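All remarks here apply to the structure that follows.
We're numbering straight along the sequence, starting at 1. Computed from a prediction, not measured in an experiment: that's the story for all the values here.
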Amino acid sequence: MDLGFAGAATVVVGGGRGMGFATARCLAEDGARIAIVGRSRDVLDAAAADLVRLGSPEAVPMVADTSDTAQVERVFAEVGERWGELNALINTVGPGVAGNFEELTDEQWQEAFDAGLMGMVRCVRAALPLLRSAEWARIVNFSAHSTQRQSTRLPAYTAAKAAVNSVSKNLSLLLAKDEIMVNVVSPGSISSEALRAWADSVGIDGNDPYALMAAIDEHFGHPAHLPRTGLPSEIGPVAAFLASRRNSYMTGANVNVDGGSDFI
């Protein structure tokens with residue numbers, strides 16, 4: 001399906017690996033110009049080369065820490081100098097801070113909100129002039145299914161992601177007059193590097209999505225309806241559609257990609 005990305009200017013924050021790269025891959029295959037933002041130069045350089053091979057006419061690695069406002073502003077100033085506009089901003093970052101409520105320190109709560117919420121806020125704020133300059137523009141923010149199915153091990157991470165949902169809904173209202181659509185993707189149990197590492201630590205084959213889901217059921221009691229975890233490649237096409245020109249009337253939505261669940 002032609003998503004309308006040919007020649008479009010896009011930014012994927014966290015686009016060097018995992019679900020971010022899976023999303024950037026879909027944009028590249030549809031002909032988008034892509035800036036991928038992350039903290040590891042080596043990872044970004046390798047990912048950018050892959051995106052060009054996949055069909056992107058221009059893939060630009062941009063090293064930045066989204067916890068630093070000055071670095072975020074520099075990234076979007078460079079995007080403005082390079083392309084003069086921005087059609088799609090996709091925010092995929094927000095690593096979890098795990099621990100029971102009693103265990104978490106003030107610093108860990110702050111870390112969870114800085115990584116899970118404020119990085120997105122900084123990126124959207126810096127990108128807005130470029131998004132408003134474009135003929136069409138979309139924002140997609142990544143949340144988590146734990147905002148709807150709580151885990152006692154993730155209170156800070158989940159609270160930060162719930163804030164992402166709230167801010168995204170507010171942005172969808174604010175930017176409706178500009179016809180900039182803002183949506184959220186809420187992945188379920190996806191075979192990420194972090195989840196595979198956890199599985200390996202408890203003696204489970206992290207590369208087996210069926211064993212992974214069985215372990216999630218045993219340890220957390222949160223299985224999906226499908227008997228396996230999802231793959232990053234199953235998230236990417238959903239985020240890409242929401243970020244695309246083909247999404248012409250969907251805004252303020254939170255889309256679950258979770259293998260089936262008991263919440264809506």
Is there a chain of hydrophobic side chains (I, L, V, M, F, W, Y, each step under 4.5 Å between heavy atoms) that links [X] to [Y]?
| X | Y | value |
| --- | --- | --- |
| W136 | M181 | no |
| V184 | L171 | no |
| V257 | V140 | yes |
| L89 | L175 | yes |
| V93 | V37 | yes |

I'd like a table of donor-acceptor pairs (distance under 3.5 Å, sequence neighbours excluded) in which one partner is a side-chain atom from residues 71-79, with atom names and distances.
{"residue": "Q71", "atom": "OE1", "partner": "D65", "partner atom": "N", "Å": "2.8"}
{"residue": "Q71", "atom": "NE2", "partner": "D68", "partner atom": "OD2", "Å": "3.2"}
{"residue": "R74", "atom": "NH1", "partner": "E78", "partner atom": "OE2", "Å": "3.4"}
{"residue": "R74", "atom": "NH2", "partner": "V63", "partner atom": "O", "Å": "2.8"}

Can you name the closest pair of heavy atoms from [X] and [Y] and give their distance?
| X | Y | value |
| --- | --- | --- |
| A9 | L86 | O-CD1, 3.4 Å |
| M250 | A253 | CE-CB, 3.8 Å |
| S56 | A32 | OG-O, 2.7 Å |
| L212 | A199 | CD2-CB, 3.3 Å |

From [X] atom [atom1] to [Y] atom [atom2], the distance as rounded to the nearest 0.5 Å:
| X | Y | atom1 | atom2 | answer |
| --- | --- | --- | --- | --- |
| I180 | N87 | CD1 | CG | 10.5 Å |
| I204 | E218 | CD1 | CD | 6.5 Å |
| N207 | R196 | CG | CZ | 6.0 Å |
| K169 | N254 | NZ | CG | 9.0 Å |
| R33 | R82 | CZ | CZ | 10.0 Å |
| S168 | L173 | OG | CG | 12.5 Å |

Please set out all donor-acceptor pairs under 3.5 angstrom arising from side-chain atoms of residues 17-27, sequence neighbours excluded.
{"residue": "R17", "atom": "NE", "partner": "E193", "partner atom": "OE2", "Å": "3.4"}
{"residue": "T23", "atom": "OG1", "partner": "M19", "partner atom": "O", "Å": "2.9"}

Task: Connected hydrophobic set around L154, excluding itself, where side chains approach under 4.5 Å - done: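 Y157, listed by chain and number.
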Task: E103: salt bridge (charged side-chain N to carboxylate O under 4.0 Å, His left out) partners, not counting sequence neighbours - done: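 E103: salt bridge (charged side-chain N to carboxylate O under 4.0 Å, His left out) contacts with R153.
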Open item on the list: Once salt bridge (charged side-chain N to carboxylate O under 4.0 Å, His left out) is applied, do any residues pair with D45, and if so which ones, sequence neighbours excluded?
Closed with: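 Checked D45 against salt bridge (charged side-chain N to carboxylate O under 4.0 Å, His left out); matches are R41.
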[X]: which residues meet the side-chain hydrogen bond (donor to acceptor under 3.5 Å, both in side chains) condition with it, sequence neighbours left out?
| X | answer |
| --- | --- |
| N91 | N141 |
| S146 | T158 |
| S244 | none |
| E135 | R245 |

Task: Test item: side-chain donor near acceptor, N256 and Q148, under 3.5 Å - done: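 Their side chains do contain a donor-acceptor pair, which is all the 3.5 Å distance test asks for.
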Please confirm whether the backbone N or O of [Y] pairs with a side-chain atom of [X], one donor and one acceptor, at under 3.5 Å?
| X | Y | value |
| --- | --- | --- |
| N247 | L242 | yes |
| D200 | G206 | yes |
| D30 | L3 | yes |
| S186 | H145 | no |

Review item, side-chain donor-acceptor pairs of residues 48-55, under 3.5 Å, at least two apart:
{"residue": "D50", "atom": "OD1", "partner": "R53", "partner atom": "NH2", "Å": "2.2"}

- [ ] Could you walk me through whether T229 and S191 pass side-chain hydrogen bond (donor to acceptor under 3.5 Å, both in side chains), step by step?
- [x] CA-CA 6 Å; T229 55; S191 296; 2.7 Å; yes
Task: Option passing side-chain contact (heavy atoms from CB on, under 4.5 Å) with I36 (candidates L44, I90, V13) - done: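 That would be L44.
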Task: Side-chain touch N183/V255, heavy atoms, less than 4.5 angstrom - done: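 A side-chain contact under 4.5 Å is absent here.
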Task: Sub-4.5 Å side-chain heavy-atom contact between L195 and I216 - done: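 A side-chain contact under 4.5 Å exists here.
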Can I get a per-line list of side-chain donor-acceptor pairs under 3.5 Å for residues 111-127, giving both atom names and the distance, sequence neighbours left out?
{"residue": "D114", "atom": "OD1", "partner": "R122", "partner atom": "NH1", "Å": "3.3"}
{"residue": "D114", "atom": "OD1", "partner": "R122", "partner atom": "NH2", "Å": "2.7"}
{"residue": "R122", "atom": "NE", "partner": "T69", "partner atom": "OG1", "Å": "3.3"}
{"residue": "R122", "atom": "NH1", "partner": "T66", "partner atom": "O", "Å": "2.9"}

TODO: If a pair satisfies ring-ring contact (aromatic ring centres under 6.0 Å, His included) and one of its residues is in residues 184-210, list it, with sequence neighbours excluded.
DONE: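 Sorted pair list: W198-H219, W198-F220.
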